[in-house]
Structures are given as structure tokens and as C-alpha cells.
Amino acid sequence: DSDDDSDSETNYLFPNVNADIGTKKEIVEKMNEKDVSDWLQNIGFENYKNVFLENKITGQGLCWIAYCNSANIPSFQDIMFVKLKFESDKIPKFMNALRELLA
């Protein structure tokens, strides 16, 4: 059944979160700092785990980053480069992974 496929995908993306609690965005919003750190590891951004933990980035923070990027909020670049210490060539891959996470 297709619901089972959806749940297994959700469980893969969110190993510590119950898949039955809502949409992907709702699940992302409930991610804690450890969940975000695990997600970074899963997408190959383990070098950024410590800076995300230091800045206490939760799932709500990921949603805010996605919003700032899509709305072209000027502070987005400052957040990514200064606060989270992203290298410019890493941002597109990160944003693609974040869009997939929220899709």
C-alpha cells in the first residue's frame, strides 16, 4: 500500500520521529537539534554538524532557512555565510537537500 511506502521513506529521513504525526513539513518542524545533526550526517554535511548544534538549529530553524531562501530575504546570505559558516559552493547542494526534506 502506498501509505506504507510513504511511512518507510519518512522513517528513513526522520529515524527518530514517528511517521504518523503529520506532513513532512510538520515532521521537520518537530525535529530537535540531534535530529537536524543526524540529517546533516545523512546528506553528507557532517562538517556542519557542530556549527548547527552551536547555533541550536532545530527543524523550525531549517524551515526558516528554507523560507528566507525562497523569499529572497537579504539576511539569508548573512545567516548561511556568517552564522553557519557555509562555503558558497555548498549552499546549492544544501538547499536542494532541504527542499527534498520539505517536499
Side-chain angles (χ1 to χ4, degrees):
D1 154 309
S2 65
D3 287 340
D4 291 339
D5 293 340
S6 167
D7 286 349
S8 63
E9 178 185 356
T10 301
N11 286 330
Y12 171 74
L13 290 171
F14 312 104
N16 302 324
V17 180
N18 181 342
D20 296 328
I21 61 174
T23 66
K24 276 184 155 183
K25 183 173 186 243
E26 290 168 337
I27 293 170
V28 171
E29 287 174 341
K30 293 178 180 175
M31 290 170 68
N32 63 30
E33 295 163 21
K34 170 86 169 77
D35 295 328
V36 171
S37 178
D38 291 345
W39 174 71
L40 289 169
Q41 179 80 35
N42 289 339
I43 64 167
F45 278 78
E46 57 277 346
N47 293 346
Y48 292 93
K49 285 170 55 171
N50 286 338
V51 75
F52 270 67
L53 288 168
E54 289 167 11
N55 285 285
K56 301 182 185 324
I57 303 295
T58 63
Q60 288 181 341
L62 291 178
C63 291
W64 189 79
I65 289 169
Y67 168 75
C68 288
N69 180 54
S70 67
N72 292 315
I73 306 278
S75 61
F76 172 75
Q77 296 297 326
D78 184 53
I79 292 162
M80 296 304 287
F81 291 127
V82 178
K83 202 82 161 138
L84 299 179
K85 301 176 172 70
F86 264 82
E87 300 164 32
S88 61
D89 63 329
K90 303 283 188 208
I91 291 176
K93 181 180 177 192
F94 174 80
M95 292 311 301
N96 284 338
L98 184 53
R99 275 190 288 279
E100 286 179 24
L101 181 69
L102 293 167

**Study point:** Lys93: side-chain contact (heavy atoms from CB on, under 4.5 Å) partners, not counting sequence neighbours
**Key:** Phe45

**Study point:** For the student: nearest non-hydrogen atoms of Cys63 and Val28, plus distance
**Key:** SG-CG1, 3.8 Å

Review point. Would you call Lys25-Glu29 a salt bridge at under 4.0 Å N-O?
Key: yes

**Study point:** Test side chain to side chain donor-acceptor pair (under 3.5 Å) applied to Glu33 - qualifying residues, sequence neighbours left out
**Key:** none

Review point. Quick one: CG on Leu102 to CD1 on Ile27, what's the gap to the nearest 0.5 Å?
Key: 11.0 Å

Revision key, fill the gap. d(Ile91 CD1, Asn96 CG) to nearest 0.5 Å is 12.0 Å

Point to revise | CA sep, side-chain torsions, deciding dist, call: Phe52, Leu62, side-chain contact (heavy atoms from CB on, under 4.5 Å) | key: CA-CA 10 Å; Phe52 270 67; Leu62 291 178; 4.0 Å; yes

List, one per line, each side-chain donor-acceptor pair under 3.5 Å for residues 66-74, sequence neighbours excluded.
from  : atom 1 : to    : atom 2 : distance (Å)
Ser70 : OG     : Ala66 : O      : 3.3
Ser70 : OG     : Tyr67 : O      : 3.0

Study note, to complete from the structure: side chain to side chain donor-acceptor pair (under 3.5 Å) pairs touching residues 44-57, sequence neighbours excluded, are Gln41-Lys49

Indicate every side-chain donor-acceptor pair of residues 78-89 with a distance under 3.5 Å to a residue at least two apart or in another chain.
none

**Study point:** Any residue meeting salt bridge (charged side-chain N to carboxylate O under 4.0 Å, His left out) with Lys90, in chain and number order, not counting sequence neighbours
**Key:** none

Review point. Under 4.5 Å between side-chain heavy atoms, hopping through other hydrophobics if needed: is there a path connecting Leu53 to Trp39?
Key: no

Check your understanding: Tell me, do Met95 and Ile65 make a side-chain contact under 4.5 Å, heavy atoms counted?
Key -> yes

